[in-house]
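Read the structure below first, then the notes.
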Amino acid sequence: MTMKKFFMTLLAAVTLLPALEAEAANNVAPWGWAVCSDEAGTAYTLSGGCFTDATKVTLTALGGGQSDDAQIKQAIAQKDIIILDGSNGDFILNEYISVSAKNKTIIGINNARLCTKFYLTADDITYLKAQNLEGLSSTDQYTGILPDGTEITCDKRAFFTKKAMMELQYQKTGEYSLPNRSGIFCIESGSENIIIRNLSLIGPGAVDIDGADLITNMGAHVWIDHCTFQDSQDGALDSKRCDWATYTYNYFYYTSRSYSHAYTCGCGWADGQMTLHLTFADNIWGEGCMRRLPQCEDCYVHLVNNYHNCPGNAVGMTINGNCKALVENNYAATGVNKPLTGEGSGRNITARNNSFSASSVGSEVTVPYQYTKIAIADVPATLNGTEGAGAKLGNDADYILSTIPTASRAETVYVFVKDDAHIGGSITEVGGITVTFDPSVKDWQSKGKGEDATTTDGVDFTGYCAQSEAANGAPINIQTTQAGTLTIFFGRSITKAVSMKEGENGMTGTVLSTGAEVADNIAPNPAIDAWDGIVYELEANKTYQFKATGTKWRFAGFRYISKATGISEVMGKKPTDNTIYDLQGRKVENPTNGFYIINGRKVVIK
């Protein structure tokens, strides 16, 4: 039967449902724990900065041996969507790039590769092997002095590997240095709503020097999809005190460039203090992967449809203490050792429908979100196929972006006190907030220009601080028309303790800074993406009252972020090729009864 005849037959057997503008139409859309905001599965819009008015930039490598660190950093700081175009060769990085931001999408086209400038040569590996490092303990602690005079304590193998690497660097450069920042991205704590897709990330080769990961994730609501991870120095994709992350269709492997410590994905290590919610789906762990496929502790993890094709490894998926894990439909090739293992207290593991024998432990583990599984026998072929695991989404940026939901940008309103213009008056801005100063208080006064400062989202703050002397409890009234988040920023010269009081109408908030000399200056505080201050969640159409006590204090102003945000249509092209996809965006050759996507519309086959 021709494809056209098959499609006509199919149409006769389906019932069309309303068009789903924001559903997967050609490749995987965000799903899993990354699109949840709690364990009940309350939805989170993972748009990655794909706003209706998103700013974009397309970069090509500078070439000629130049490093691309600066242009990539600038693009991340200034744009919502960063497209890395590999048509001019590899992007070269001196060291990993810190991503401290919200609402960013980074994608690759034209086989974009991000490569560390430093890498292990064949001669380096020959030298390291001659030091007989592999026989040293990787658990016994050792204290020693490195060639540069630094005294450190670490496991014995790591210490002598660092020593050998420093001696190698001295032979090359005349300086004792340790190239342990040779990674690609570090998603910093406080970052949120981040998407990375269709990139090849090429590291320097695995070596046990406590080095950089290709990607370290410490953010929230992060989706990493269809990326290739090769020869990471330390971890390929490590998740450290992050939360709500999904990793799909990634391919991890190592080449002869790597020497030791080919440990791909470490997750948790949070000392039992928190739970990381992570989804690993449709990933391949290939040649050279030895451990951490992944390794988890302090995690609530879902491992589904992953393919372990690394015969001769040490251990595979490792579920250690304080973990809940749902492990299903995973496939381990012949020769893969210990596909599922682990130890420690507080483990609950539900293992089912895997290609290998594995026992469940403790209470049943479930996840609250919808997903589609690949039949276990089809996992290898599917993940190795077209648009399977790795950077296989092609060269069309619109196509790669097309399954990411597009959100309306939340409106941010900045309100400042300047001179005496607002004594006893109000400040009204678009965006749903009115701020009114108590007209009976006469000591709202300008005391000079405040320090210039810039928040991490790039908005410059230049204005006058207001000072209240002997105005204990002088109220500021706040009226809203839209729900949102209000941050009250403090200025400088606080000479007495400041206490924050909840408003009379149920204002609730979290005090981020209190006490004498709270804000020496008004420089940005990366921990809260703003100046020192207090953050409140406000409801729509309510009046609140803010009070502060103390004999002398200043505030610089307010930032109000409206929550009037919604999903609109997906970005990019709608497919018209009659290809059939399941609800996870996977191509289906022989559909059975159920729901599918055809030409951007949801259909049910009966």
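One-based numbering along the sequence shown.
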With a 3.5 Å cut-off and no angle check, do the side chains of Tyr253 and Gln230 form a donor-acceptor pair? yes
Relative to the ring of Tyr247, is the ring of Phe280 parallel (under 30°), tilted (30 to 60°) or perpendicular (over 60°)? perpendicular
Return the set of residues passing side-chain hydrogen bond (donor to acceptor under 3.5 Å, both in side chains) with Asn329 (not counting sequence neighbours), or none when no residue passes. none
Can you tell me how far the CG atom of Asn354 sits from the CG atom of Asn305, to the nearest 0.5 Å? 9.5 Å
Please collect all salt bridge (Lys or Arg N to Asp or Glu O under 4.0 Å) contacts where either partner lies in residues 361-370, sequence neighbours excluded, each pair once. none
Listed once per pair and sorted, the salt bridge (Lys or Arg N to Asp or Glu O under 4.0 Å) pairs that draw on residues 250-269, sequence neighbours left out: none
Residues pairing under side-chain hydrogen bond (donor to acceptor under 3.5 Å, both in side chains) where one sits in residues 196-206, two or more places apart or in two chains, turn out to be Asn27-Arg197, Arg197-Asp225, Arg197-Thr403
Atom CD of Glu328 and atom CZ of Arg352: how far apart are they, to the nearest 0.5 Å? 4.5 Å
Kindly assign one of parallel, tilted or perpendicular to the pair Tyr369 and Trp31, based on the angle between their ring planes and the thresholds 30° and 60°. perpendicular
Between the CZ atom in Arg347 and the CD1 atom in Ile319, the distance rounded to the nearest 0.5 Å is 8.0 Å
Surrounding OH of Tyr119 (heavy atoms of other residues, nucleotides or ligands, distance under 6.0 Å), is the total greater than 12? no
If you compare all heavy atoms of Gly108 against all heavy atoms of Leu199, which two are closest, and at what distance to 0.1 Å? CA-CD2, 3.5 Å
Enumerate, atom names and distances included, each donor-acceptor pair closer than 3.5 Å involving a side-chain atom of residues 74-84, sequence neighbours excluded.
| unit_1 | atom_1 | unit_2 | atom_2 | d |
| --- | --- | --- | --- | --- |
| Asp80 | OD2 | Thr55 | N | 2.8 |
| Asp80 | OD2 | Thr55 | OG1 | 3.2 |
| Asp80 | OD2 | Arg409 | NH2 | 2.8 |

Name all residues meeting the side-chain hydrogen bond (donor to acceptor under 3.5 Å, both in side chains) criterion together with Asn348; count only those two or more places apart in sequence or in a different chain, and write none if there are none. none
Would you call the rings of Tyr307 and Tyr331 parallel, tilted or perpendicular, where under 30° means parallel and over 60° means perpendicular? perpendicular
Name all residues meeting the side-chain contact (heavy atoms from CB on, under 4.5 Å) criterion together with Asn395; count only those two or more places apart in sequence or in a different chain, and write none if there are none. Asn110
Work out which heavy atom in Leu46 is nearest to a heavy atom in Val35; give both atom names and the distance. CB-CG1, 3.9 Å
I'd like to know if the side chain of His302 reaches the main chain of Trp33, judged simply by a donor and an acceptor atom lying under 3.5 Å from each other, with no hydrogens or angles considered. no
Does Asp282 form a side chain to side chain donor-acceptor pair (under 3.5 Å) with Thr248? I'd like the steps, not just the answer. CA-CA 6 Å; Asp282 311 296; Thr248 51; over 6 Å; no
Taking only residues two or more places apart in sequence, or in another chain, which ones meet His261 in a side-chain hydrogen bond (donor to acceptor under 3.5 Å, both in side chains)? Asp234
Measuring from atom CG of Leu237 to atom CG of Asn217, what distance do you get when rounded to the nearest 0.5 angstrom? 7.0 Å
Answer yes or no: does atom NZ of Lys392 have more than 12 heavy-atom neighbours from other residues, nucleotides or ligands under 6.0 Å? yes
Modelled atom types, side-chain donor and acceptor of Asn193 and Ser47, under 3.5 Å: yes
Pairs where residues 311-325 contributes a residue and the test side-chain hydrogen bond (donor to acceptor under 3.5 Å, both in side chains) is met, not counting sequence neighbours: Asp298-Asn322
Shortest non-hydrogen contact from Cys36 toward Gly41: SG-CA, 3.9 Å
side-chain hydrogen bond (donor to acceptor under 3.5 Å, both in side chains) involving Gln71 - partner list, sequence neighbours excluded: Asp68
Without placing hydrogens or testing angles, list every side-chain donor-acceptor pair under 3.5 Å for residues 263-270, not counting sequence neighbours.
| unit_1 | atom_1 | unit_2 | atom_2 | d |
| --- | --- | --- | --- | --- |
| Thr264 | OG1 | Trp285 | NE1 | 2.9 |
| Thr264 | OG1 | Arg292 | O | 2.4 |

Supply the atom-to-atom distance Ile107 CD1 to Ile400 CD1, rounded to the nearest 0.5 angstrom. 4.5 Å
Kindly compute the distance separating CD1 (Ile202) from CG (Leu214), expressed to the nearest 0.5 Å. 8.0 Å
Testing the basics here: between Gly219 and Val222, what is the closest heavy-atom pair and its distance to 0.1 Å? C-CG2, 4.2 Å
Do Thr216 and Asp238 pair up side chain to side chain, a donor and an acceptor below 3.5 Å, judged on atom types alone? no
Could you tell me which residues satisfy salt bridge (Lys or Arg N to Asp or Glu O under 4.0 Å) with Glu192, sequence neighbours excluded, listed by chain and number? none
Distance alone, cut at 3.5 Å: any donor-acceptor contact between the side chains of Thr42 and Asp38? yes
With distance as the sole criterion, is a donor-acceptor pair present between the side chains of Asp85 and Thr60 under 3.5 Å? no
